[in-house]
Protein chains: 2
Amino acid sequence: MATITDVAKEANVSVATVSRVLNKKNSVKPETVERVQKAIEKLSFEPNMSARNLRRNETRVILIIAPNITNPYYSHILAGIGDAANESKYSALIYNTSGDIAREKAGLEMLKKKRADGAILLANGMNSTWIQEYSKEYPIVQCSEYALKLDIPRISIDNYKAATDVMNYVIGLGHKRIATISSSNNYVSTALRLQGYLDSLKCHDLEIHKEYISMASVDYSFKSGKSCAYELLQQKYRPTAIFCISDILALGAITAASELGIRVPEDLTVIGFDDVDNTTMFHPYITTIAQPCYELGKESFRILNACMNDEKGINKKIVLPHKFIIRESSAPISI
Amino acid sequence: MATITDVAKEANVSVATVSRVLNKKNSVKPETVERVQKAIEKLSFEPNMSARNLRRNETRVILIIAPNITNPYYSHILAGIGDAANESKYSALIYNTSGDIAREKAGLEMLKKKRADGAILLANGMNSTWIQEYSKEYPIVQCSEYALKLDIPRISIDNYKAATDVMNYVIGLGHKRIATISSSNNYVSTALRLQGYLDSLKCHDLEIHKEYISMASVDYSFKSGKSCAYELLQQKYRPTAIFCISDILALGAITAASELGIRVPEDLTVIGFDDVDNTTMFHPYITTIAQPCYELGKESFRILNACMNDEKGINKKIVLPHKFIIRESSAPISI
DNA sequence: ATGAAAGCGCTAACAG
DNA sequence: CTGTTAGCGCTTTCAT
């Protein structure tokens with residue numbers, strides 16, 4: 001592997017000049033530049049990043065801490081981050097934690113070890129003080145989920161607004177017995193959507209029924225959506241609408257309904273959330289809130305990049321617009 | 001940020017000794033070790049990777065070149081690679097190329113730049129000579145897809161065998177008019193599955209009909225599976241079985257059948273491939289070949305790691321077992 | 001068992 | 001415009 005010294009010799013210049021050419025400083029005579037470039041070509045030289053990083057004290061690598069890259073919601077965000085990073089000549093080191101705190105820690109440790117310049121956190125289980133501490137020393141942004149009390153940059157949609165959008169629509173359709181399939185995880189998104197559900201009900205003078213609030217598994221699985229819906233729909237006064245906090249859950253609910261002989265949307269309105277999972281693969285196509293996952297990822301990188309460049313006046317709390325998409329799984333109340 | 005020198009001062013030893021403690025050389029007096037560890041703790045020192053990498057001439061980073069991390073087939077492989085890498089204290093740098101050759105190149109360049117020690121290629125569009133060249137200088141393994149003629153380590157299932165497994169089963173069910181939905185991409189997996197289809201037919205003295213061989217889009221989309229199935233099923237002598245080279249395609253085919261009033265599996269047998277995409281979310285559950293994606297990923301890392309350690313006698317062509325899973329979308333011929 | 005010192009490949013200040 | 005040189009933080013001989 002050729003080094004900068006080899007190139008310098010080959011081109012009959014000093015290493016400093018080669019370095020200048022490498023870094024496009026314009027204080028080099030054009031003909032010298034050319035000679036150096038020929039030497040670089042000839043030796044097929046590529047600068048050693050470890051050396052450069054050591055010297056420059058940066059890595060041009062960002063860290064992504066993700067709970068589960070297998071989840072399409074996250075993988076789309078990842079794609080967005082990756083593309084944005086790439087445009088700015090950054091590489092992405094991905095830590096798939098599977099919710100394992102030890103791996104989250106190991107991941108963030110990479111910041112201390114100078115293996116990465118900054119990190120993007122996609123939903124993490126770390127207790128707040130931990131992150132806060134890191135955030136003081138290193139550029140960190142939270143994407144999609146975040147610690148409510150912490151003053152760390154974050155990018156997300158307005159989950160509360162999205163939930164009230166859904167509820168206003170459903171209530172506008174004439175529904176009064178509206179259930180929700182939420183989850184027992186501790187994400188802000190979940191809490192805010194539930195709050196939106198509750199507040200909307202209150203706001204429209206509709207009663208809140210404990211029996212209409214169902215908690216799915218923390219991973220929003222199809223199965224658990226289905227079983228939640230089963231319980232919901234087998235009550236004496238069964239709901240005429242179900243607001244699910246994920247599409248997979250909605251898919252499960254629709255399946256449960258179909259197995260119980262309840263038609264969607266004629267007898268039951270089902271609303272999803274995210275618009276990533278096959279919402280238009282089977283009929284009824286699902287009415288849902290679409291999140292701009294890819295953009296969420298891109299924006300996360302943009303903010304992180306701004307932080308890494310110590311830019312002032314960065315908006316620390318970015319809210320990206322969601323879209324409410326009405327499709328086939330919702331309809332005015334019929335009874 | 002504390003450096004090794006700070007620690008040395010704090011512990012009243014030389015940097016060499018600190019380094020020895022860091023690297024667990026056993027030639028340090030236990031009490032000295034303790035003193036050093038206390039200093040490390042106190043200063044919350046973490047070794048600078050750039051410096052270590054430069055000195056050791058390694059990075060403990062591997063590169064993953066993937067066409068589309070959003071595709072669940074790949075994301076599961078990625079998860080496997082990530083976990084295996086993690087166990088061996090490697091980090092994974094993921095390059096999502098979107099099929100863009102320039103990005104593949106940029107990715108592999110990281111090897112030259114010493115940002116990574118080795119690479120795993122998941123389906124790539126590079127022309128063979130390119131990869132071959134890299135492979136001579138750096139540890140590279142191909143996962144799942146590979147260049148047939150190249151002598152570069154690879155991990156995959158036996159696609160040909162899998163296809164003949166499917167065909168033997170379908171033929172055993174009494175089907176004679178068997179179609180396939182393949183793709184116009186140029187993956188070995190596609191070619192081998194098609195070959196398995198053709199050879200099985202020949203082997204059982206069944207005629208090969210051009211009209212029964214349909215080419216879906218290169219990305220195996222649901223839509224294209226559906227439209228292929230439409231064409232297939234609207235022929236005069238329509239097939240009674242369709243072997244699809246992906247589950248999404250099979251899902252599309254089933255949807256097409258249902259829209260045409262053709263029952264699956266009573267009137268039509270549909271077989272999928274991969275077993276990653278919602279094969280058991282809707283009825284009929286899909287009969288399919290399950291690929292050990294996660295294991296494919298893990299094994300890829302194992303082989304790469306062996307290559308990086310210059311281990312001799314590594315099996316360069318690993319074939320992992322697939323599983324044929326019979327579910328609801330297939331049945332004996334009824335007519 | 002420990003320390004001194006060289007040097008990995010690069011960048012950047014300084015000098016000319 | 002170009003060269004000389006001092007490190008960046010670490011590992012690793014070579015002494016002692």
Side-chain angles (χ1 to χ4, degrees), chain A residues 1-40 43-61 89 109-117 137, chain B residues 1-40 43-61 89 109-117 137:
Chain A
M1 201 72 287
T3 74
I4 201 173
T5 316
D6 301 329
V7 176
K9 277 182 196 145
E10 175 73 27
N12 253 302
V13 293
S14 72
V15 292
T17 300
V18 178
S19 176
R20 285 185 191 108
V21 173
L22 248 29
N23 297 291
K24 309 209 196 310
K25 313 269 187 203
N26 41 12
S27 62
V28 185
K29 212 197 300 179
E31 49 198 66
T32 313
V33 171
E34 198 170 335
R35 218 169 54 233
V36 171
Q37 270 162 351
K38 263 203 191 105
I40 290 177
L43 304 175
S44 75
F45 161 84
E46 293 279 349
N48 179 318
M49 286 304 163
S50 297
R52 174 178 286 176
N53 294 344
L54 174 60
R55 186 54 230 246
R56 293 219 261 225
N57 197 29
E58 67 159 24
T59 63
R60 287 262 142 192
V61 169
K89 307 279 176 224
E109 214 94 288
M110 292 301 150
L111 254 20
K112 282 198 192 170
K113 291 189 204 292
K114 298 245 172 248
R115 208 201 250 326
D117 298 336
E137 297 216 51
Chain B
M1 201 72 284
T3 73
I4 202 174
T5 315
D6 301 329
V7 176
K9 276 182 196 145
E10 176 73 27
N12 253 300
V13 293
S14 72
V15 293
T17 300
V18 177
S19 176
R20 286 186 190 107
V21 173
L22 248 30
N23 297 291
K24 308 206 197 310
K25 312 269 187 204
N26 41 13
S27 62
V28 185
K29 214 196 299 177
E31 49 198 66
T32 313
V33 171
E34 200 170 334
R35 220 169 54 229
V36 171
Q37 269 162 351
K38 262 200 193 107
I40 291 177
L43 305 176
S44 76
F45 161 84
E46 293 277 350
N48 179 318
M49 286 304 164
S50 297
R52 174 176 286 179
N53 295 343
L54 174 58
R55 188 53 232 246
R56 294 220 262 231
N57 198 29
E58 67 157 25
T59 64
R60 287 261 142 192
V61 169
K89 308 280 176 221
E109 214 94 288
M110 292 301 151
L111 255 19
K112 281 197 192 172
K113 291 189 203 293
K114 298 246 170 243
R115 208 201 251 324
D117 298 336
E137 297 216 51

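Computation of the quantities below employed the complete heavy-atom set of this structure, encompassing side-chain atoms and omitting hydrogens, waters and symmetry-equivalent molecules. Each chain gets a letter, A, B and so on, in the order the sequences are listed, and its residues count up from 1.
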Rounding to an integer number of Å, can you tell me how far [X] [atom1] sits from [N] [atom2]?
X      : N      : atom1 : atom2 : answer
B:E31  : C:dT2  : CD    : P     : 8 Å
B:R115 : C:dC10 : CZ    : C1'   : 14 Å
A:D6   : C:dC10 : CG    : C1'   : 13 Å
A:R35  : D:dT2  : CZ    : C1'   : 11 Å
A:E58  : C:dG9  : CD    : P     : 20 Å
A:L43  : C:dG9  : CG    : C1'   : 15 Å

Contact string for nucleotides 8-16 of chain D, one letter per nucleotide 5' to 3', B = base within protein heavy-atom range under 4.0 Å, S = sugar-phosphate only, - = neither, reads BBBBBB---

Under the side-chain hydrogen bond (donor to acceptor under 3.5 Å, both in side chains) test, residues paired with [X] that sit two or more places apart:
X      : result
B:K38  : none
B:E109 : B:Y134
A:T59  : A:D117

List the atom pairs, with distances to 0.1 Å, where a side-chain N or O of residues 18-26 of chain A and a protein N or O form a donor-acceptor pair under 3.5 Å, not counting sequence neighbours.
residue	atom	partner	partner atom	Å
A:S19	OG	A:N23	ND2	3.4
A:N23	OD1	A:R56	NH1	3.3
A:N23	ND2	A:S19	O	2.8

How would you list, by chain and number, every residue that makes a side-chain contact (heavy atoms from CB on, under 4.5 Å) with A:D6, sequence neighbours excluded?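 side-chain contact (heavy atoms from CB on, under 4.5 Å) check on A:D6 returns A:A2, A:T3, A:L43.
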
Quick one: list whatever passes side-chain contact (heavy atoms from CB on, under 4.5 Å) with A:R35, sequence neighbours left out.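 Checked A:R35 against side-chain contact (heavy atoms from CB on, under 4.5 Å); matches are A:V13, A:T32.
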
What pairs with A:K113 under salt bridge (charged side-chain N to carboxylate O under 4.0 Å, His left out), at least two apart in sequence or on another chain?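 Salt bridge (charged side-chain N to carboxylate O under 4.0 Å, His left out) list for A:K113, sorted by chain: B:E46.
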
So for atom CD, which belongs to B:E58, do other residues, nucleotides or ligands contribute more than 12 heavy atoms lying within a distance under 6.0 Å?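 Yes - once you tally the heavy atoms of other residues, nucleotides and ligands closer than 6.0 Å, there are more than 12.
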
Let me test you: for the helix from C:dA1-D:dT16 to C:dG16-D:dC1, what is the angle between the axes at its two ends (five pairs each), rounded to 10 degrees?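 Axis angle across the helix from C:dA1-D:dT16 to C:dG16-D:dC1, nearest 10°: 40°.
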
